[in-house]
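Take a look at the structure below.
Every chain is numbered from 1 and lettered A, B, ... according to where its sequence line falls, protein lines coming before strand lines.
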Amino acid sequence: MNENNESKIRVRFAPSPTGGLHLGGVRTVLYNYLFAKKYNGSFILRIEDTDQSRFVAGAEEYIYNCLKWCGIEPDESPEKPGSYGPYRQSERKEMYRKYADQLIQNGQAYYAFDTTEDLEKMRSENKTDDNPSPQYDSRIRMKMQNSLVLTNEVVQQYLQEGKPYVVRIKMPENEIISFNDMIHHEVSFESNLVDDKVLLKADGMPTYHLAVVVDDYLMKISHAFRGEEWLSSAPVHILLWKYLFGLENMPQWAHLPLILGPNGKLSKRDGAKFGFPVYAMNWTDPRSEEFTEGFKEKGFLPEAFINLLAMLGWNGGTEQELFSMEELIAQFSIERVHKSGAKFDYEKAKWFNHEWIKKSSTEALYPLVKNLFETKNVDTKNEDYFKTVIGLVKERCTLISDFYEQSVYFFEAPQTLDVEAVKPKWNENKQSFFEILCTQLTELKAWDVIEIENCFKNLATEKTIKPGELQLPMRIMLVGGKFGPAVFEIAHLIGKEETLNRIQSALTKINN
RNA sequence: GCCGCGUUGGUCAAGAGGUUAAGACGCCUCCCUUUCACGGAGGAAUCACGGGUUCGAGUCCCGUACGUGGUACCA
């Protein structure tokens, strides 16, 4: 970045509230946020709701919730206005028109009265194999119904009659429009190949193109990060900056590489198809009722989610892969953001979560796991006991939801036992071992790990069976399957009575 | 079609003219643990292709291929 420290760093994330917030969106927020925090700047959340037809109830609220979950608090937002409000574009509607008027007056934009039908007709008439999508550009604009073609009288008359119109930018001819992107560096376009984009819609709302420029100016945005899908429309924005506010005031652009799915741009359909979340949090479209799973509900820790997103397109240049938000803020640099898109790998994502679960304290995990067990209606006994269990099993949990199967047996006797794992090698001697074990354990004075283990091993020696051969059956009896921490540890925790009950009930099952 | 952007193992990636081309995920083998994990030791696997420039190219240039985005009164 430039060492121009004169003006304050101000960045923004500007989503349109039309549905779930996906991976790429969160990563854009993240990079914005990291950049702002690194340079002591401000991070602004602006809601780009200029398309009334795409309004979705609850979508804005949902965005706030996602950011909150991620641990990203905007410095300014519709909920927390700063001095550049309002922060919703729909509420700024009146601010855009004068800029559109200014452009028209300067001959840099014009009124266009073409109806949807006119446009369709133009497109179908000009459509050829070589040009499947004809643009409203310098070649055809003189054949349309606009203030470039119509006489001034007619234009005034239309305006007075209230005939619907849009304002289009008039792309200059034979110009090279170039700018310096923080990630892609020099990028250039030929003006002849860019169409006359609509700036102001018939309903008086600005399109993204006008709104983003005007708002970034008015909100004193210093650096503008957005997805690479915007790179193609950058020339329109550059021109608008030049016309309206001066290139010297334009924010520095950074077009972030896309996050790709298994085949192409990541979509919510990929998630359903390949079994991984795409949105930060659960989202149900209020109209279609279509449900899309979120990382949060899938069992991801926000720290892990942030970490894995940060690494998708950025790398500190060291071998470090696990970063907390603070570490990211300290080490993030836009220069190290990649140019190319990154394919999302769910396996790696789960690895990050696993690492973060291991890193997290029992204290931090407790409320999450407690909540999980509550939804499963399991009585988790007392808090200390629960926490001991969490500490014991956390290294074998990849997702928070794994805590259920990895530790239910500490609270309830297993519903099913993997008897097939013991039956083949079962015999009289082992049967007798466990029967005697029960009586010996009953008489055990102190119920601690060492005592239980000694009792178990001594008896095994007496019976001339290798303790190892008996530990697996014991485990199945207590846990139900071939997993979990040390058996004697489990026996100790669940208590004498429960241990004896489980052994006895398992014995009858094995003999059936 | 046209325009933009991109291309190091299956995936994420280090690399900024001279390296045995890091590391991580995943996979495989072994050790630890007579469970599952954790941990440890190994292994297979890569510079899209073709031309230049250079004593020397993954690194620079050109072309091709492929991928990806845009081509809306959506953002």
[N], OP1 or OP2 - any side-chain N/O from [X] closer than 4.0 Å?
X      : N     : value
A:H184 : B:G6  : yes
A:K201 : B:C74 : yes
A:R336 : B:G15 : yes
A:R168 : B:C73 : yes
A:H338 : B:A14 : yes
A:S340 : B:C5  : no

According to side-chain contact (heavy atoms from CB on, under 4.5 Å), who are the partners of [X], at least two apart in sequence or on a separate chain?
X      : value
A:Q102 : A:Y99, A:N106, A:L244
A:A280 : A:V26, A:C66, A:F305
A:K339 : A:I183, A:H184, A:H185

Residue pair [X] / [Y], side-chain donor-acceptor N/O under 3.5 Å:
X      : Y      : answer
A:Y136 : A:N146 : yes
A:D51  : A:Y208 : no
A:N192 : A:E173 : no
A:D114 : A:Y165 : no

Counting only heavy atoms from other residues, nucleotides and ligands, does the tally under 6.0 Å from NZ of A:K430 exceed 12?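 Counting neighbours around NZ of A:K430, more than 12 heavy atoms of other residues, nucleotides or ligands fall under 6.0 Å, so yes.
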Give a yes or no on this: more than 12 heavy atoms of other residues, nucleotides or ligands lie within 6.0 Å of atom CD of A:E161.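 Yes, the 6.0 Å shell around CD holds more than 12 heavy atoms from other groups.
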Considering only residues two or more places apart or on different chains, which pairs with a residue in residues 454-467 of chain A satisfy side chain to side chain donor-acceptor pair (under 3.5 Å)?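 Applying side chain to side chain donor-acceptor pair (under 3.5 Å) to every pair that reaches into residues 454-467 of chain A, excluding sequence neighbours, yields A:S432-A:K463, A:E453-A:K457.
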Pairs involving residues 387-409 of chain A, ordered by first then second residue, that meet side chain to side chain donor-acceptor pair (under 3.5 Å) (sequence neighbours left out):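 Checked against side chain to side chain donor-acceptor pair (under 3.5 Å) - neighbours excluded - the pairs reaching residues 387-409 of chain A are A:E363-A:K387, A:E383-A:K387.
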Does the structure show a Watson-Crick or G-U wobble partner for [N], both distances under 3.5 Å? Name it, or say none.
N     : result
B:A14 : none
B:C74 : none
B:G63 : B:C49
B:G69 : B:C3

Value in whole Å for how far the [atom2] atom of [N] lies from [atom1] of [X]:
X      : N     : atom1 : atom2 : answer
A:R226 : B:G4  : CZ    : P     : 17 Å
A:R12  : B:A75 : CZ    : P     : 14 Å
A:R27  : B:C12 : CZ    : P     : 12 Å
A:D418 : B:C36 : CG    : C1'   : 12 Å
A:R139 : B:C3  : CZ    : C1'   : 13 Å
A:E489 : B:C38 : CD    : P     : 19 Å
A:D402 : B:C36 : CG    : P     : 17 Å
A:K339 : B:U8  : NZ    : P     : 13 Å

Please write out the pairs of protein N or O atoms and N or O atoms of nucleotides 39-44 of chain B separated by less than 3.5 Å, giving the distance to one decimal.
residue	atom	partner	partner atom	Å
B:G39	OP1	A:K358	NZ	3.2

Go through A:E355 and A:K359 one step at a time and tell me if the salt bridge (Lys or Arg N to Asp or Glu O under 4.0 Å) criterion holds. CA-CA 6 Å; A:E355 291 300 314; A:K359 261 171 88 105; over 6 Å; no
Members of residues 311-320 of chain A that approach RNA chain B, where some heavy atom sits under 4.0 Å away: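 Those residues whose heavy atoms fall under 4.0 Å from RNA chain B, taken from residues 311-320 of chain A in numerical order, are A:M311, A:L312, A:G313, A:N315, A:E319.
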Donor-acceptor contact below 3.5 Å, side chain A:D49 vs main chain A:F55: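 A pair under 3.5 Å: no.
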Whether the side chain of A:K268 engages the backbone of A:P277 through a donor-acceptor N/O pair (distance < 3.5 Å, no angle test) should be reported.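 A pair under 3.5 Å: no.
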Residue closer to the 5' end of RNA chain B, A:A14 versus A:F483 (nearest nucleotide):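 The answer here is A:F483.
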Closest nucleotide of RNA chain B for A:T50 versus for A:E321: which of these residues is on the 5' side?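 In this pair, the answer is A:E321.
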Looking across every strand, which nucleic acid part, if any, lies under 4.0 Å from [X] by heavy atom: base, sugar-phosphate, or nothing?
X      : answer
A:N131 : base
A:D203 : nothing
A:H354 : sugar-phosphate
A:V198 : sugar-phosphate
A:V187 : sugar-phosphate
A:A202 : base
A:P485 : base
A:S188 : sugar-phosphate
A:R123 : sugar-phosphate

Find every protein N or O atom lying less than 3.5 Å from an N or O atom of nucleotides 32-34 of chain B, and list the pairs.
residue	atom	partner	partner atom	Å
B:U34	O4	A:G468	N	3.4

Step by step, would you call A:D345 with A:K348 a salt bridge (Lys or Arg N to Asp or Glu O under 4.0 Å)? CA-CA 6 Å; A:D345 180 7; A:K348 183 89 184 208; over 6 Å; no
Testing the basics here: between A:I510 and A:K423, what is the closest heavy-atom pair and its distance to 0.1 Å?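 The answer is O-CE, 3.1 Å.
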Nearest of B:A37, B:U35, B:A75 to any side-chain atom of A:E395?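 For A:E395, the side-chain atoms sit closest to B:A37.
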Closest to the A:Y208 side chain, choosing from B:C3, B:A75, B:C73: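 So the nucleotide nearest the side chain must be B:A75.
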List every contact pair, protein side and nucleotides 26-29 of chain B side both N or O, where the distance is under 3.5 Å.
none

Who are the ring pair (Phe, Tyr, Trp, His ring centres under 6.0 Å) partners of A:W241, not counting sequence neighbours?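 Per chain and number, A:W241 pairs via ring pair (Phe, Tyr, Trp, His ring centres under 6.0 Å) with A:F245.
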What one-letter contact string describes nucleotides 59-71 of chain B from 5' to 3', where B marks a base within less than 4.0 Å of any protein heavy atom, S marks contact via sugar-phosphate atoms alone, and - marks no contact? ---------SBSB
Holding to side chain to side chain donor-acceptor pair (under 3.5 Å), I want the full list of residues that pass it with A:R336, two or more places apart in sequence or in another chain.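 Counting only residues at least two positions away or on another chain, A:R336 forms no side chain to side chain donor-acceptor pair (under 3.5 Å).
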Which is it for A:Q145 and A:D118 under the side chain to side chain donor-acceptor pair (under 3.5 Å) test, yes or no, and what are the steps along the way? CA-CA 9 Å; A:Q145 294 286 304; A:D118 293 338; over 6 Å; no
